[in-house]
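What follows is a single structure, written as structure tokens, with notes after it.
Chain identifiers are assigned alphabetically (A, B, ...) following the order of the sequence lines, protein sequences preceding nucleic acid strands; residue numbering begins at 1 within each chain.
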Number of protein chains: 2
Amino acid sequence: MKISTKGRYGLRSMIDLAINSSGNTPVFISDIAKRQHLSEKYLEHIFGALHKAGLVRSIRGRKGGYLLQKNPEEITLSEIITALEGKISLVECVLDPDICPSAKKCVTRDLWQGLSDKINEYLSSHTLNDLIQMQKSREQNDTLMYYI
Amino acid sequence: MKISTKGRYGLRSMIDLAINSSGNTPVFISDIAKRQHLSEKYLEHIFGALHKAGLVRSIRGRKGGYLLQKNPEEITLSEIITALEGKISLVECVLDPDICPSAKKCVTRDLWQGLSDKINEYLSSHTLNDLIQMQKSREQNDTLMYYI
DNA sequence: TATTATTTCTATCAAATTAATAGGAAATAA
DNA sequence: TTATTTCCTATTAATTTGATAGAAATAATA
Ligand code: FES
Ligand code: FES
């Protein structure tokens with residue numbers, strides 16, 4: 001029961017993208033990879049998935065790169081994780097009861113269903129903006145420390 | 001972000017064990033495997049883990065088998081899942097901050113921490129007995145249906 | 001005591017999934 | 001025309017998960 005690197009790296013990259021894009025100038029994957037200490041090639045894949053899910057806008061060619069497609073407060077963490085890891089459910093049969101012949105009787109399915117709902121609830125109730133604000137205030141506090 | 005078969009099979013087997021053990025006579029792994037449509041050999045592993053975690057008592061030799069070590073209402077689902085899948089955390093650095101050099105600054109870690117806590121909360125607040133009662137009442141309803 | 005049924009332990013193999021790399025095509029601004 | 005970027009497809013590497021085999025230990029039973 002772990003979040004994969006795709007999900008983890010992707011979320012961090014979305015925060016990085018939001019913080020480092022000024023206006024309409026796109027951000028290079030290579031820059032995000034450098035700042036986040038990630039492989040450029042692997043990050044390409046991740047942004048492919050984010051793009052496909054409509055969370056980022058891409059500009060091809062020289063001086064191209066990526067931009068957020070929506071405002072950070074309109075992007076829930078659930079959307080980001082779903083884009084990168086698929087629909088959130090702890091067991092397959094929560095989404096697709098047909099794969100378990102005894103799904104109707106199975107009490108553990110109800111349990112996993114309930115827990116999956118909790119997880120979805122949590123991730124839907126936080127937006128990318130929440131993380132950005134946390135990040136920014138944390139950085140500001142770090143700076144202030146030097147003046148105290 | 002999935003529960004592995006170990007966790008799923010193990011939980012179902014604990015319910016099976018609790019429901020099918022009468023008094024102090026132990027239950028064979030082979031019987032549980034039959035009823036739950038699981039591989040006997042694989043189930044051995046699973047019970048090895050449950051035993052190691054002190055959730056079941058084993059009786060070796062002929063007419064041996066397994067018994068619950070505690071009353072079902074004293075066994076939380078968190079204990080069972082932890083025994084089978086290890087400590088519940090969505091990313092390694094939640095339990096062990098040292099593996100991420102920037103753990104103190106990382107806002108995504110706080111997020112995963114929070115969500116991992118929710119999951120633990122949920123699984124700690126339900127016991128094996130809850131599932132057994134659900135199962136029993138479900139079976140009773142099924143039986144009643146024939147008499148209506 | 002010898003035999004048999006049963007669990008436990010360890011080692012290993014197979015399959016599936018995830019993570020990462022590589023190379024080049026397509027697009028586009030300089 | 002060139003440099004720089006995303007996009008696409010394939011391949012490889014690493015890790016995790018699922019399953020098997022067989023020897024050792026142990027207790028009941030004949
Ligand atoms: S595990 Fe799928 S229905 Fe029980
Ligand atoms: S991912 Fe581990 S601290 Fe950020």
Under 4.0 angstrom, heavy atoms only, what part of the nucleic acid is Phe47(B) near: base, sugar-phosphate, or nothing? nothing

Over 60° means perpendicular and under 30° means parallel, so tell me whether Tyr66(A) and His51(A) are parallel, tilted or perpendicular. perpendicular

Between Tyr66(A) and Met1(A), name the one whose nearest nucleotide on DNA chain D is closer to the 5' end. Tyr66(A)

To the nearest Å, how far apart are Asp31(A) CG and dT4(D) C1'? 12 Å

DNA chain C: Val27(B) or Ile59(A), which has the more 5' nearest nucleotide? Val27(B)

Under 4.0 Å protein heavy-atom contact, by nucleotide of nucleotides 19-24 of chain C - B base, S sugar-phosphate only: SBBBBB

For the residue pair His126(B) and Tyr122(B), categorise the inter-ring angle as parallel (less than 30°), tilted (30 to 60°) or perpendicular (more than 60°). tilted

When you measure from the side-chain N and O atoms of Ser58(A) to the phosphate of dT5(D), is any distance below 4.0 Å, counting only OP1 and OP2? no

When rounded to the nearest 0.5 angstrom, what distance separates OG in Ser21(B) from CZ in Arg57(B)? 10.0 Å

If we call it a pair only when both distances are under 3.5 Å in a Watson-Crick or G-U wobble match, what pairs with dA27(D)? dT4(C)

Determine whether Thr5(B) and Tyr42(B) satisfy the following criterion, side-chain hydrogen bond (donor to acceptor under 3.5 Å, both in side chains), listing intermediate values before the conclusion. CA-CA 10 Å; Thr5(B) 54; Tyr42(B) 193 35; 3.0 Å; yes

Would you kindly give the NZ-to-C1' distance between Lys63(B) and dA27(D), to the nearest whole Å? 12 Å

CZ of Arg60(B) versus C1' of dT4(C): gap in Å, rounded? 15 Å

To the nearest Å, how far apart are Arg62(A) CZ and dT4(D) C1'? 6 Å

For the pair Asp110(A) and Lys105(A), find out whether any cationic side-chain nitrogen is under 4.0 Å from an anionic carboxylate oxygen. no

Rounded to whole Å, the CD1-P distance (Ile46(B) to dT20(D)) equals 12 Å

Can you check side-chain contact (heavy atoms from CB on, under 4.5 Å) on Ile32(B) and Leu38(B), steps first, answer last? CA-CA 8 Å; Ile32(B) 298 176; Leu38(B) 302 172; 5.6 Å; no

